[in-house]
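Below you'll find the structure, written out as structure tokens, and then a few comments.
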Amino acid sequence: MSEFVRNVRLWFAPEQVREEGSTPDYRFSLANERTFLAWLRTALALIGGGFAVDQFLPDLRWGWRVGLALALLAAGVLCSLRAVNHWIRCERAMRRGEDLPVSRFPALLSAVVALVALAMVAVVLLGWAG
């Protein structure tokens, strides 16, 4: 079974993580959980931003409005899924005594948010009405 599939299965059965390795210092597990919750807050903010773009910019051209909204919504969905996957991967690594996993996702998310922000700056400056 691939590592990704095993991680997805653990999303819904986190008690199985305890079967691996030894119990880490609880402070590390709590820090991992706080990081998970921070990623979820970020996901909720992105989703809220997507809905705000769609609802509060009715004068924006349909294509721009939908494109920006969908980019934010997609980033929120990916962020929430990545949060739980990263939580599981970190918890397993701590229990095994391994290095924590690295990820390119923060850089990717930052790039997407920056592109959406630049598009919004262009919309504001150029006043692209529908």
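Counting begins at 1 with the first residue of the sequence. Heavy atoms only: backbone and side chains are in, while hydrogens, waters and symmetry mates are out.
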Test of understanding: clusters of I, L, V, M, F, W, Y form through side-chain heavy atoms closer than 4.5 Å, transitively. Do Trp11 and Val17 belong to the same one?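 Yes.
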Decide whether Leu81 and Phe12 are clustered together by the hydrophobic rule: side chain heavy atoms of Ile, Leu, Val, Met, Phe, Trp, Tyr closer than 4.5 Å, transitively.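 They do share one cluster, since a chain of ILVMFWY contacts under 4.5 Å joins Leu81 to Phe12.
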Other residues, nucleotides and ligands only: do more than 12 of their heavy atoms fall within 6.0 Å of CZ on Arg18? no
Counting only heavy atoms not in Asp99, do more than 12 fall under 6.0 Å of its CG? no
Going by ring-ring contact (aromatic ring centres under 6.0 Å, His included), name the residues that satisfy it together with Phe105, two or more places apart in sequence or in a different chain.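 Counting only residues at least two positions away or on another chain, Phe105 forms a ring-ring contact (aromatic ring centres under 6.0 Å, His included) with Trp39.
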Partners passing side-chain hydrogen bond (donor to acceptor under 3.5 Å, both in side chains) against Ser29 (at least two apart in sequence or in another chain): Glu91
Trp87 and Thr35: CA distance, side-chain angles, deciding distance, side-chain contact (heavy atoms from CB on, under 4.5 Å) verdict: CA-CA 8 Å; Trp87 175 78; Thr35 302; over 6 Å; no
Yes or no on side chain to side chain donor-acceptor pair (under 3.5 Å) for Arg89 and Ser103, after CA distance, side-chain angles and deciding distance? CA-CA 11 Å; Arg89 290 175 60 217; Ser103 175; 5.2 Å; no
Pair Leu109, Leu78 - check side-chain contact (heavy atoms from CB on, under 4.5 Å), show working. CA-CA 9 Å; Leu109 181 64; Leu78 289 175; over 6 Å; no
Before you tell me yes or no, could you show the steps for Val113 and Leu46 under side-chain contact (heavy atoms from CB on, under 4.5 Å), namely the whole-Å CA-CA distance, both residues' side-chain angles and the distance that decides it to 0.1 Å? CA-CA 9 Å; Val113 170; Leu46 289 166; 3.8 Å; yes
Kindly determine whether Met120 and Leu57 satisfy side-chain contact (heavy atoms from CB on, under 4.5 Å), including the steps that lead there. CA-CA 11 Å; Met120 293 300 296; Leu57 298 176; 3.6 Å; yes
Hey, are Arg92 and Glu20 close enough for a salt bridge, meaning a charged N less than 4.0 Å from a carboxylate O?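 Between Glu20 and Arg92 there is a salt bridge, with a charged N closer than 4.0 Å to a carboxylate O.
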